[in-house]
There are 2 protein chains.
Amino acid sequence: MPVQLLRDVGLRVTRQRTAVLDALADRPEAVSAQELYTEFRNAGDSIGLSTVYRALESLDEAGLLDSFPREGEQVYRRCSPKHHHHLICIDCSRVEELEATLVEDWVASVSNVHDFEVTGHRADIYGRCIACAA
Amino acid sequence: MPVQLLRDVGLRVTRQRTAVLDALADRPEAVSAQELYTEFRNAGDSIGLSTVYRALESLDEAGLLDSFPREGEQVYRRCSPKHHHHLICIDCSRVEELEATLVEDWVASVSNVHDFEVTGHRADIYGRCIACAA
DNA sequence: GTTGTTGCAAAGAATTTGCAACATA
DNA sequence: TATGTTGCAAATTCTTTGCAACAAC
């Protein structure tokens with residue numbers, strides 16, 4: 001339930017934020033603010049474009065969403081709260097979450113060897129999902 | 001020598017493309033088209049902004065440059081032709097190239113386990129370089 | 001009631017495009 | 001000479017911001 005999620009991260013529960021979370025629920029592919037805005041409009045939902053941008057931004061900061069750039073725009077999707085990597089379909093934007101011990105090991109080893117204060121990392125795999133590869 | 005590089009990838013050798021390659025030579029940090037354009041102007045070099053965009057795009061496609069998004073804009077840097085990953089300073093944009101067998105192993109294992117036609121991957125580590133961490 | 005949120009329209013920023021002039025091969 | 005490239009200005013697209021009305025707590 002979106003309401004509880006919002007409370008948990010200390011954001012006010014508004015119709016708009018709830019709508020955004022609902023729209024992203026169980027959606028495997030990532031979407032941009034523009035796409036989401038268009039969906040709302042087509043569905044007859046009244047939401048401002050800047051509100052969609054602001055909602056996605058706060059939800060992302062709160063850790064409720066993943067976000068990454070795709071072809072010049074930022075895209076978002078619901079994600080599990082624990083650290084993970086991605087398997088991203090370059091055709092349909094469908095995303096699968098991956099855990100990857102190997103990657104964590106790599107990061108640890110690099111931070112040991114280099115004079116570098118590691119603050120984060122990202123590791124994603126691109127390709128075509130079974131549906132799009134056909 | 002930029003001239004040879006351009007020939008090798010089948011691009012015409014122009015003053016502008018050569019200038020872009022020169023400007024990127026041995027520069028450890030990544031730069032955007034806008035930044036490069038400003039540098040040229042300040043140096044008295046006459047180059048159009050769209051030309052900088054187009055030069056970076058073709059050089060990137062030719063595999064002579066790495067590129068990744070940074071705060072809403074695309075940034076570029078010279079890179080070695082072989083596959084590698086990055087250690088990126090979030091303060092000064094300095095980039096170090098990494099080879100990572102562990103990452104390659106991970107990608108291979110994922111492509112074996114999932115119904116997914118892998119076309120590429122990317123793995124980068126973010127943090128502060130020794131100079132910026134001070 | 002206080003404070004955070006929304007919506008709109010305007011502003012901003014990065015990037016792309018049309019097209020005539022021009023440079024490279 | 002034929003074709004790829006440049007430069008400029010205009011157009012596009014994504015994103016942010018100011019501010020008054022409004023909703024959540």
Side-chain angles (χ1 to χ4, degrees), chain A residues 1-23 30-62 64-65 67-77 93, chain B residues 1-23 30-62 64-65 67-77 93:
Chain A
M1 62 218 335
V3 173
Q4 195 54 49
L5 283 176
L6 288 170
R7 293 228 165 84
D8 290 344
V9 297
L11 289 174
R12 283 200 181 170
V13 178
T14 66
R15 175 177 62 82
Q16 293 84 343
R17 290 213 258 246
T18 308
V20 167
L21 278 179
D22 279 338
V31 291
S32 68
Q34 303 278 354
E35 288 166 344
L36 218 44
Y37 173 68
T38 305
E39 276 190 26
F40 284 135
R41 299 213 100 222
N42 291 344
D45 263 1
S46 153
I47 276 202
L49 174 59
S50 32
T51 302
V52 175
Y53 272 101
R54 287 188 278 227
L56 290 171
E57 188 187 7
S58 6
L59 296 171
D60 183 26
E61 276 173 9
L64 264 39
L65 304 182
S67 84
F68 36 93
R70 184 191 62 197
E71 292 162 31
E73 64 182 2
Q74 201 65 17
V75 294
Y76 301 82
R77 67 180 277 286
S93 284
Chain B
M1 60 215 342
V3 173
Q4 196 52 51
L5 284 176
L6 289 169
R7 293 229 165 84
D8 289 346
V9 297
L11 288 175
R12 283 201 181 171
V13 179
T14 66
R15 176 177 61 82
Q16 294 84 343
R17 289 212 261 247
T18 308
V20 167
L21 277 179
D22 279 337
V31 292
S32 68
Q34 302 279 353
E35 289 166 343
L36 220 44
Y37 172 69
T38 305
E39 275 188 28
F40 284 134
R41 299 213 100 222
N42 293 343
D45 263 0
S46 153
I47 271 204
L49 174 59
S50 32
T51 302
V52 175
Y53 272 101
R54 287 187 278 224
L56 290 171
E57 188 186 9
S58 3
L59 296 172
D60 184 25
E61 277 175 8
L64 264 36
L65 305 182
S67 83
F68 33 93
R70 185 190 63 196
E71 292 160 33
E73 64 180 3
Q74 200 67 14
V75 295
Y76 301 83
R77 68 180 277 286
S93 284

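Order of the sequence lines sets the chain letters (A, B, ...), proteins ahead of strands, with each chain counted from 1. All values derive from a computational prediction rather than experimental measurement.
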Would you mind reading off the distance between [X] atom [atom1] and [N] atom [atom2], rounded to a whole angstrom?
X	N	atom1	atom2	value
B/Glu61	C/dT16	CD	P	11 Å
A/Leu11	C/dT5	CG	P	7 Å
A/Leu6	C/dG4	CG	C1'	13 Å
B/Glu57	D/dT5	CD	P	12 Å
A/Asp60	D/dT15	CG	P	12 Å
B/Ile47	D/dG7	CD1	P	6 Å
A/Tyr37	D/dT16	OH	C1'	15 Å
B/Glu71	D/dC14	CD	C1'	16 Å

Under 4.0 Å between any heavy atoms, over every strand shown, what does [X] touch: base, sugar-phosphate, or nothing? Just pick one.
X	result
A/Gln34	base
A/Leu49	base
A/Arg54	base
A/Ser32	nothing

Return no unless some side-chain N or O of [X] is found under 4.0 Å from OP1 or OP2 of [N].
X	N	result
A/Ser50	D/dT16	no
B/Arg15	D/dG7	yes
B/Gln16	C/dA23	no
A/Arg7	D/dA24	no

Legend entry - Residue whose closest nucleotide on DNA chain C lies nearer the 5' end, B/Tyr53 versus B/Arg12: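 With B/Tyr53 and B/Arg12 compared, the 5'-side residue is B/Tyr53.
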Legend entry - Given DNA chain C, 5'-ward residue of the pair B/Val75 and B/Thr14, judged by closest heavy atom: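 Closer to the 5' end of DNA chain C: B/Val75.
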Inset, instruction - For the side chain of B/Val13, starting at C-beta, report the closest nucleotide among D/dC25, C/dA14, C/dA25. - result: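 Nearest listed nucleotide: C/dA25.
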Legend entry - Of the listed nucleotides D/dT15, C/dG7, C/dT15, the one nearest the side chain of A/Gln74: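 For A/Gln74, the side-chain atoms sit closest to D/dT15.
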Under a 3.5 Å distance rule, please check whether [X] uses its side chain to pair with a backbone N or O of [Y] as donor and acceptor.
X	Y	value
B/Arg77	B/Val31	no
B/Thr38	B/Gln34	yes
A/Thr51	A/Ile47	no

Inset, instruction - Give a yes or no on whether A/Gln4 atom CD has more than 12 heavy-atom contacts from other residues, nucleotides or ligands under 6.0 Å away. - result: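 More than 12 within 6.0 Å, yes.
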Legend entry - B/Arg70 with B/Glu35: basic N within carboxylate O range, under 4.0 Å: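 A salt bridge is present here (some side-chain N lies under 4.0 Å from a carboxylate O).
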